[in-house]
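To keep things clear, I will list the structure first and then write my remarks on it.
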Amino acid sequence: MQLTDEVHWRYVYDRDGTLRSYSMGTKKIGKWAIEKDELCLYLKEPDDSCFEVSLSGKRIEMKPSGLELTPADRS
């Protein structure tokens, strides 16, 4: 399976848990896993994290885990 914007980046998710990232001509190899119903991406970067994934038609949304809006954020 893969996710891409068809221009700038592409993530390829292999069945064995390998994650291949291609972004602006740079290739990185890491791992992906499902942990506590979230998709976790590990590319040895400071922003490695887990995401809540939702699907609406053909649209996929990945929201970083623990990212909740407080009333102050909504104003």
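Predicted model only: the values in this text are computed from it and were never measured. Count residues from 1 along the sequence.
Residues that satisfy the salt bridge (Lys or Arg N to Asp or Glu O under 4.0 Å) test with K28, not counting sequence neighbours, are E45. By the side chain to side chain donor-acceptor pair (under 3.5 Å) test, Y42 pairs with E35, sequence neighbours left out. A search for side chain to side chain contact (heavy atoms under 4.5 Å, CB included) contacts involving S49 returns F51, not counting sequence neighbours. Under the salt bridge (Lys or Arg N to Asp or Glu O under 4.0 Å) criterion, R20 pairs with D14, not counting sequence neighbours. A search for salt bridge (Lys or Arg N to Asp or Glu O under 4.0 Å) contacts involving D48 returns nothing, not counting sequence neighbours. Among residues two or more places apart in sequence or in another chain, the side chain to side chain contact (heavy atoms under 4.5 Å, CB included) test is passed with D37 by none. Looking at residues two or more places apart in sequence or on another chain, you find a side chain to side chain donor-acceptor pair (under 3.5 Å) between D16 and T18. A search for side chain to side chain contact (heavy atoms under 4.5 Å, CB included) contacts involving I60 returns L3, V53, L55, M62, not counting sequence neighbours.
When every heavy atom of L39 is checked against every heavy atom of L41, the shortest pair comes out as CG-CD2, 3.9 Å. The two residues L43 and S21 have their closest heavy-atom pair at CD1-CB, 3.9 Å.
Contacts classified as disulfide (SG to SG under 2.5 Å) and involving residues 20-65 (residues at least two apart or in different chains) are given here: C40-C50.
Connectivity analysis of hydrophobic side chains (ILVMFWY, heavy atoms under 4.5 Å, direct or indirect) links Y22 to V12. The hydrophobic side chain of I29 is isolated, with no ILVMFWY side chain under 4.5 Å apart from it.
If you take CD on Q2 and OH on Y13, they are separated by 10.0 Å, rounding to the nearest 0.5 Å. Taken from NZ in K31 to NZ in K44, the straight-line distance is 9.5 Å, to the nearest 0.5 Å.
Side chain of T4 to main chain of W9: a donor-acceptor pair is present (N/O by atom type, distance under 3.5 Å, no hydrogens or angles).
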